[in-house]
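As the structure is a prediction and not an experimental result, all values here were calculated from the model. Naming convention: chains lettered A, B, ... in sequence-line order (proteins, then strands); numbering from 1 in each chain.
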2 protein chains.
Amino acid sequence: ENRLPGFATHQVGVAGAVLDEASGKVLVVQDKNKTKNAWKFPGGLSNLGEDIGATAVREVFEETGVRSEFQSLLSVRQQHKHPGAFGMSDMYLICRLRPLSHAIHFCTQECLRCEWIGLAELAQTDATTPITSRIAKLLLYGYREGFDKIDLSVEEMPAVYSGLFYQLYHRELPTSYKQP
Amino acid sequence: ENRLPGFATHQVGVAGAVLDEASGKVLVVQDKNKTKNAWKFPGGLSNLGEDIGATAVREVFEETGVRSEFQSLLSVRQQHKHPGAFGMSDMYLICRLRPLSHAIHFCTQECLRCEWIGLAELAQTDATTPITSRIAKLLLYGYREGFDKIDLSVEEMPAVYSGLFYQLYHRELPTSYKQP
C-alpha cells in the first residue's frame, strides 16, 4: 500500500436493491428524462464522508419514501469517463437492503414510476438496464439458494496510524479462520 | 441511480495479493519510513482511467519486480478523512493475483524488505496490519477450501447510453441463472 498523496479520481454512487423476502418483490424506479424507460434500483451519489450503506438507505428513501436497512454489498462497478463525472471515473456499488416500510411515496422530480415488482419478473424483463438485469439474477440466486452465496459482509476495523476506523467488505469468513 | 452531476470524492488504491499456489507463499513488502515495520501487500493509487486489476498488476511490478495477472477481487475498504487524501475519502480494493514470475527486484525507494512468505505464517503473525492479517486469513480459507468461496469475478458490460463499457464485479453466478 503506497501511501503517497493522491487526488480524488472517482465519484461514488450507490444503489439499493430493497428485497421484501416475504413477497419476493423488489423496489424499482424509472428515471424521468431518460430516452429508455427502464426499471432500475434507486440510488445516487455519496456525499463526502458518507458510508456506502448510508448512501443506499438515504437515496432509497429520498427517491421512493421507503425506509430500509443495509444487509450486504453485492457488486462493484468501475466506469471511466462516466457521463456526468467531468472526465473523472465512477465507482458504483450495489447493496442489498431489507425494507422497514412498504408504502411508496416517490419523488416526482426524479422518478416517472416506482413499484414493488417480482424479482423473477425483473430478472426476465427487457424493460431494464443490463446491470439491473444482472443484479436481479444474482439476487434471485441468493433468494432461492441462500444470501450467503452472493453477499459481502461489512466490518468496522481500526486504521493503524490515524486512530480512525474504516469499513471492510469481503466474503463472510468462517469463525475458525478468523482466530489469530 | 440518480445521475445528477457530482464531483470526485474518492481516491482509489489497489493492493495485489500475489499467491503462488504451488508453494503456498504470498508476496509481501515492508514500507520504508513507517514507524511500525509491518508486512503488507504491495499496492498503490490508481491512475486516472486505470482499471482496478491493471493498477494491482502495475503496482506489484513497480514495488517488487514480480509480474502477475489478475484473478479476482477479494475485498473493498472505504475510509473517510484518509491521511494523504486531503480531506477526501479512500476506496481501497484488494485483488488476488497469480504470479507470472518469481524473482524479487524490489524498489528500494518505497520498500525496506520484500519476501515471499507462507500464507499460514502471514495469517498468524503480529508483524502486519489488521487488514493484511484479515485478508491473509481470507486467502488461506480460499486456498484450502476453494477460491470460489472468496472471489468476486469480473465481467465487462456495455453502458446503456454512452456506448462505453464498464467492469462489473460480483460473486460468480451459476450459468442457469445467467440466462435471460
Q. Who wins among B:Glu62, B:Glu172, B:Arg144 for the most heavy-atom pairs under 4.5 Å with chain A?
A.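 Top option by heavy-atom pairs under 4.5 Å: B:Arg144.
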
Q | Top contributor to chain A contacts, counting heavy-atom pairs under 4.5 Å, from B:Met88, B:Gln167, B:Met91, B:His80 | A |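 Greatest number of close heavy-atom pairs with chain A: B:His80.
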
Taking all non-hydrogen atoms of both residues, which atom of [X] and which atom of [Y] are closest, and how far apart?
{"X": "B:Tyr169", "Y": "A:Ser75", "result": "O-OG, 2.8 Å"}
{"X": "B:Pro158", "Y": "A:Pro130", "result": "O-CG, 4.0 Å"}
{"X": "A:Thr9", "Y": "B:Val12", "result": "OG1-N, 4.2 Å"}
{"X": "B:Ser89", "Y": "A:Gly49", "result": "OG-N, 4.0 Å"}

Q. Is there side-chain contact between B:Tyr166 and A:Ile131, with at least one heavy-atom pair below 4.5 Å?
A.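 Contact flag for B:Tyr166/A:Ile131 side chains = yes.
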
Q) Do A:Arg134 and B:Glu155 come close enough that some side-chain heavy atom pair is under 4.5 Å? A)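 Yes, at least one pair of side-chain atoms sits under 4.5 Å.
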
Treating Ile, Leu, Val, Met, Phe, Trp and Tyr as nodes and any side-chain heavy-atom pair under 4.5 angstrom as an edge, say whether [X] and [Y] lie in one connected cluster.
{"X": "B:Leu48", "Y": "B:Val14", "answer": "no"}
{"X": "B:Ile104", "Y": "B:Val57", "answer": "yes"}
{"X": "B:Val76", "Y": "B:Phe70", "answer": "yes"}
{"X": "B:Leu119", "Y": "B:Ile117", "answer": "yes"}
{"X": "B:Val28", "Y": "B:Phe61", "answer": "no"}

Q. At what distance, to the nearest 0.5 angstrom, does NE2 of A:His170 lie from CG of B:Leu139?
A.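 If I round to the nearest 0.5 Å, the distance is 11.5 Å.
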
Q: With rounding to the nearest 0.5 Å, note down the distance linking NZ in B:Lys137 to OG in A:Ser176.
A: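 One gets 12.0 Å once the value is rounded to the nearest 0.5 Å.
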
Q. Side chain, backbone, both or neither: which part of B:Met157 has an atom under 4.5 Å from a heavy atom of chain A?
A.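 The side chain, not the backbone.
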
**Q.** Residue part contacting chain A, namely of B:Leu152, when any heavy atom lies under 4.5 Å
**A.**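 Contact with chain A involves the side chain of B:Leu152 alone.
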
Q) Just by distance, with hydrogens left out, do A:Tyr177 and B:Glu145 show a side-chain donor and acceptor under 3.5 Å apart? A)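 Side chains of A:Tyr177 and B:Glu145: pair found under 3.5 Å.
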
Q. Got a sec: does the CZ of A:Arg58 have more than 12 other heavy atoms crowding it under 6.0 Å?
A.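 Yes.
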
Q. Counting heavy atoms not belonging to B:Glu156, are there more than 12 under 6.0 Å from its CD?
A.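 Yes.
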
Q) For B:Ile52, does its backbone N or O pair with a side-chain atom of A:Gln78 as donor and acceptor, under 3.5 Å? A)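 Yes.
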
Q) Does the A:Arg171 side chain pair with the main chain of B:Lys149, one donor and one acceptor, at a distance under 3.5 Å? A)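 Pair found, side chain donor or acceptor close to backbone of B:Lys149.
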
Q) Who among A:Ile150, A:Leu74, A:Asp51, A:Leu164 has the most heavy-atom pairs with chain B under 4.5 Å? A)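 The candidate making the most pairs under 4.5 Å is A:Asp51.
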
